[in-house]
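To start, the structure under review is shown below, and the notes come after it.
Lettering follows sequence order; numbering is per chain, from 1.
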Amino acid sequence: MNKPPNESDTSAEDATERRHFIQQIVEKDLAEGTYDGRVHTRFPPEPNGYLHIGHAKSICLNFGIAAQYNGLCNLRFDDTNPTKEEDEYVEAIKEDVRWLGFDWGDRLCYASDYFDQLYDWAVQLIKAGKAYICDLSAEETREYRGTLTEPGKNSPFRDRPAEESLDLFARMKAGEFPDGTRTLRAKIDMAASNITMRDPVMYRILHASHHRTGDAWCIYPMYDFTHGQSDSIERITHSICTLEFENHRPLYDWYIRELGIYAPHQYEFARLNLTFTMMSKRRLLKLVEDGHVSGWDDPRLPTLCGLRRRGYTPAAIRNFCETIGVAKFNSTIHMSVLEGALRDDLNEIAPRVSGVLRPLRVVIENYPEGQVEQLTAQNHPQKPEMGTRQVPFSRVIYIEQADFREEAPKKFFRLVPGREVRLRYAYFVKCTGFVKNDAGEVIEVRCTYDPETRGGSAPDGRKVKGTIHWLSAEHSLRAEVRLYDHLFCKADPDDCDEGKDWISNLNPNSLEVLTESRVEPSLADAEPGALYQFERQGYFNVDPVDSKPGALVFNRAVALRDQWAKIEKGK
RNA sequence: UGGCCCCUAGUGUAAUGGUAGCACGAAUGACUCUGAAUCAUUUAGUCGGGGUUCAAAUCCCUGGGGGCCAGCCA
C-alpha cells in the first residue's frame with residue numbers, strides 16, 4: 001500500500017541487491033557464458049535419516065538458485081552406503097521436499113544408478129596407474145595415513161602392477177574377499193598436507209544388500225569417488241555443499257580431471273545452526289530410538305516432519321531460509337527468528353478462534369438462566385474477506401485462569417474484583433466476587449454484565465482497559481492442548497557440566513499436555529493439520545495424527561508475542 | 001601442532017578500493033474489541049596492530065579468536 005509508484009523498478013532493484021556469494025558466482029558464470037547459460041543444481045541427501053531444518057536451507061538454496069536463474073535442480077539420493085540407508089527414508093525425503101514446495105520434475109536421481117559407470121571409471125584409473133588395490137587392514141590404513149602434523153607412509157601395495165590390481169578389483173567385485181580385506185585406493189600423495197589427498201579409498205568391500213541394487217554389488221564406492229562424478233553425469237553446473245566438504249574439493253577436482261570428464265564446480269556454504277536444538281542426524285536418531293521424543297515427527301524436533309506436525313508452514317520455512325542468508329561464516333541463528341517467520345505467515349493466513357487453555361468458571365449473575373445468544377465474531381479482524389462466525393454466549397462461561405487476579409499487580413488490566421473488562425465480541429462484565437476451594441485456589445468468579453454493551457462497545461462511550469476471551473461453558477468443546485517449549489534447556493546443547501553429555505541438557509518441560517482445555521464449537525469439525533490463531537494465545541495446529549472428531553488435539557505451533565509476560569518477568 | 005576456511009551493531013547479513021546499509025531483536029511512543037498485528041522513533045558495528053593508497057570492511061603483513069580435516073561415513 002505504501003509502494004512507490006514504479007513498482008517494477010523497485011522489485012528489480014531488490015532482486016539485484018543483496019545477492020549472496022553463490023548468487024554472485026552464478027551471475028558471473030551466466031555473464032561469462034561459462035556453462036552455455038545453463039544453471040543446474042542438485043540437492044543430494046543421503047537416505048539415512050529424516051530431513052531437518054538445516055536441509056531446508058540447502059533445499060531452498062539449490063532449488064531457489066535454479067528457479068531464480070531459470071535453471072534446473074535435481075533431487076539425488078547419495079546412496080553409496082547400504083548399511084545405513086533405507087527406502088523408508090527416501091520416501092520421507094521426497095515427501096518433505098515436495099511439501100516444502102519444490103519440484104524436481106523427472107530428475108529423480110540415485111548415485112546407485114551410476115554404479116556401473118563408476119566401476120568402469122575405477123578400472124580406467126587403475127589402468128592409468130592412478131589407482132591400486134591395497135591389502136592393508138582398516139587399522140593399518142589409519143596408521144599409514146599419518147597425522148595432522150606428520151606425513152603418511154606409502155602402502156606396500158602402492159606400486160603393485162596395474163594388471164594385478166585389475167584382477168584383484170574384478171575378484172573383489174565377484175565377491176571373493178570378505179569385508180574389510182582390501183580397498184581400491186587412488187594413488188595421489190601420502191605426504192599431502194590435506195589428509196583427504198593421502199591415497200583416499202575409492203571402493204570398499206561391503207557384503208550388504210542395497211535398498212535399490214539389492215545384492216548386485218558387494219563393493220561400494222566412497223562418497224568422494226561418487227559425488228563429483230554424479231554431478232558430472234548430471235551436467236551439474238554449481239555443486240553446492242556445506243563447509244565441511246571444503247577439504248574435499250581438491251579431491252573432487254582430482255577425480256574429474258584424471259577421468260577427463262565434464263567438470264562442475266563445488267562451492268561451500270555454512271550449514272544452519274539453531275539455538276536450543278540440534279541438527280546432528282546421529283543424535284536425532286538417538287533421541288528417537290531412546291524414546292526421548294515420540295518419533296521423527298515429534299513436534300519438538302527440528303525435522304521437517306516434526307515442524308510440519310507442530311504447525312509450521314512451507315512458506316514460513318522458506319521465508320526463514322531467505323532471511324538467514326547464505327555465507328561462509330559459521331553462525332548460530334536464534335530460535336526466535338524461526339518462530340518469528342512462522343508468526344509472520346500465520347498472522348496472515350490463520351483464522352482466529354477462541355480457545356481457553358486453563359479454564360476458570362465465571363458466572364454472570366444478572367444474565368438470565370437458560371438464555372443463549374449468538375454473537376458475531378470476525379475470523380480475521382484485519383481481513384474482513386475472511387468472514388465472520390457466530391459464537392454462543394450464556395450465563396456460565398470459561399475464561400483463562402491467567403486473566404483473573406484477586407489483586408491487580410501494576411499494569412495488569414484484566415479481570416479483578418470491582419473492575420470492568422470486555423469479553424471479546426460480547427459484553428462488558430464487572431467482577432463482583434470469587435469463590436475459593438479448600439486449597440485456596442480460585443475456582444469460580446462472579447460477575448455482572450451490562451446489557452447495553454452487547455457487541456463490545458458502550459453507548460455511553462466509556463472504555464475498558466482490557467479485553468479477554470471466553471467460551472460459553474455448555475457450548476464449548478473439551479480439547480487436549482499440547483504446549484511445546486525448547487527441546488534443550490541450553491542455547492547450546494553441548495554446553496554441559498563436567499562428566500555429562502548433551503542428553504543431560506534435554507528440557508524436562510519441553511512438552512506440557514493440557515487435557516481440560518476448551519475450544520469454541522465451530523472447531524468441532526476442524527480438519528487435521530488445520531491452523532488457527534487462538535486469540536491472545538498463539539497459533540495452533542490440529543494434530544494430524546492424534547486429533548479425532550470428538551477428541552480434538554491441538555499443538556501450539558508458537559505462542560503470540562506477549563508484552564505482559566515480559567513485564568511480569570522483568571519484575 | 002600441519003593444511004584449508006572464516007571474523008561487519010545483541011543476532012544474522014550487505015557494501016568486492018570511494019557516503020558502513022538492511023532485517024530481526026531491544027527500547028520508547030502512537031493506535032487497538034487480540035497486552036497480537038500495524039505505524040513511528042531510537043539503539044548499536046568493521047577482532048587488534050602495522051603497511052600499500054588521495055582513499056581500506058575490502059588489498060598486503062602480523063597477532064588474536066573460531067570452524068573443518070587423521071571413517072573402509074556422507
Side-chain angles (χ1 to χ4, degrees), chain A residues 2 17-21 24 44-46 48 78-81 83-85 134 136-139 141-143 145-152 179-185 192-198 200-206 219-220 222-224 226-227 241-250 268 270 275 281-282 323-334 336-337 340-341 343-344 347-348 352 354 377-378 380-382 411-414 422-426 428 453 455-457 463-469 533-538 559-567:
Chain A
N2 51 1
E17 281 174 3
R18 295 185 61 83
R19 289 161 305 151
H20 55 68
F21 77 102
Q24 292 178 22
E46 181 190 12
N48 69 342
D78 224 328
D79 54 351
T80 57
N81 185 351
T83 65
K84 292 186 177 169
E85 295 149 7
C134 179
L136 255 27
S137 69
E139 195 181 332
T141 304
R142 175 160 33 85
E143 286 162 4
R145 188 153 34 227
T147 68
L148 293 177
T149 51
E150 309 154 40
D179 289 3
T181 51
R182 276 178 241 265
T183 56
L184 176 67
R185 295 228 259 162
S193 55
N194 180 350
I195 294 176
T196 306
M197 301 299 275
R198 317 238 263 230
V201 172
M202 294 163 59
Y203 268 89
R204 75 287 213 189
I205 302 173
L206 241 34
I219 57 172
Y220 291 92
M222 299 287 289
Y223 165 84
D224 287 305
T226 306
H227 202 88
C241 62
T242 45
L243 252 27
E244 67 269 28
F245 292 101
E246 226 160 3
N247 292 331
H248 295 240
R249 185 164 12 107
E268 309 86 10
T275 55
K281 272 197 203 177
R282 211 193 86 247
T323 54
I324 58 175
V326 177
K328 300 195 73 158
F329 178 63
N330 259 300
S331 61
T332 300
I333 312 284
H334 284 294
S336 58
V337 178
R343 285 193 196 99
D344 283 348
N347 179 45
E348 293 295 315
R352 269 101 243 238
S354 285
Q378 291 177 273
H380 190 131
Q382 279 80 41
K411 290 187 179 169
F412 182 85
F413 40 82
R414 277 113 93 146
R422 172 168 37 235
L423 296 177
R424 175 140 241 230
Y425 298 124
F428 285 11
T453 57
S457 51
K463 302 286 183 194
V464 288
K465 197 87 169 102
T467 298
I468 64 175
H469 58 102
Q533 183 194 94
F534 287 8
E535 284 196 331
R536 304 209 309 128
Q537 292 289 353
L560 248 31
R561 296 213 319 177
D562 189 347
Q563 204 56 227
W564 168 242
K566 226 174 275 179
I567 292 169

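- OP1 or OP2 of G71(B) has at least one side-chain nitrogen or oxygen of R145(A) nearer than 4.0 Å.
- Once rounded to the nearest 0.5 Å, the distance linking CZ of R198(A) with OG1 of T141(A) reads 13.5 Å.
- Spacing between atom CD of E244(A) and atom P of C4(B) amounts to 19 Å, rounded to whole angstrom units.
- For R18(A), whose side chain is taken as the heavy atoms from C-beta onward, the closest listed nucleotide among A74(B), U13(B), G35(B) is U13(B).
- The base of G2(B) does not come close enough to the side chain of N194(A) for any donor and acceptor atom to sit less than 3.5 Å apart.
- E143(A) is not listed as a side-chain neighbour of L136(A), based on a closest heavy-atom distance of 4.5 Å or more.
- Ring stacking holds between W564(A) and G35(B), with the centres under 5.5 Å apart and the planes within 30 degrees of each other.
- Taking 4.0 angstrom as the limit, T323(A) places none of its side-chain polar atoms (N or O) nearer than this to OP1 or OP2 of U13(B).
- Between the CD1 atom of I324(A) and the P atom of C24(B) there is a distance of 16 Å, rounded to whole Å.
- You'll find that the side chain of K328(A) is closest to C6(B), out of C6(B), A74(B), G35(B).
- Counting non-hydrogen atoms under 4.0 angstrom, Y425(A) reaches a base of the nucleic acid.
- Counting non-hydrogen atoms under 4.0 angstrom, E150(A) reaches nothing in the nucleic acid.
- Rounded to the nearest 0.5 angstrom, I205(A) CD1 and T181(A) OG1 are separated by 3.5 Å.
- From R561(A), atom CZ reaches atom CG of N347(A) across 11.0 Å, with rounding to the nearest 0.5 Å.
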For RNA chain B, the expected dot-bracket line (Watson-Crick or G-U under 3.5 Å, [ ] crossing, | inter-strand) is .((((((..((((....[..))))((((((.......))))))...(((((..]....))))))))))).....
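- Residue T332(A) is the one, among T332(A) and R414(A), whose nearest nucleotide of RNA chain B lies closer to the 5' end (criterion: closest heavy atom).
- Side-chain nitrogen and oxygen atoms of R561(A) include at least one within less than 4.0 Å of the OP1 or OP2 phosphate oxygen of G25(B).
- At least one side-chain nitrogen or oxygen of Q24(A) sits closer than 4.0 Å to the OP1 or OP2 atom of A15(B).
- At a threshold of 4.0 Å, the pair K328(A)-E246(A) counts as salt-bridged, since one of the basic side-chain nitrogens sits closer than that to a carboxylate oxygen.
- With hydrogens and angles ignored, no donor-acceptor pair under 3.5 angstrom links the side chain of Q537(A) to the base of U34(B).
- Residue N247(A) places its side chain closer to C68(B) than to any other of C68(B), G12(B), A74(B).
- At a cut-off of 3.5 angstrom, the base of A70(B) holds no donor-acceptor pair with the side chain of E143(A).
- Remark: the Q382(A) side chain and the U38(B) base include no donor-acceptor N/O pair separated by less than 3.5 Å.
- Considering only heavy atoms from C-beta on, P44(A) comes within 4.5 Å of H227(A) through its side chain.
- Scanning atom types as modelled, no donor and acceptor separated by under 3.5 angstrom connect the side chain of H380(A) and the base of A37(B).
- Rounded to whole angstrom, the span from the CG atom of N347(A) across to the P atom of A37(B) amounts to 7 Å.
- Of the possible donor and acceptor atoms, none in the side chain of T183(A) sits under 3.5 Å from a partner among the backbone N and O of V201(A).
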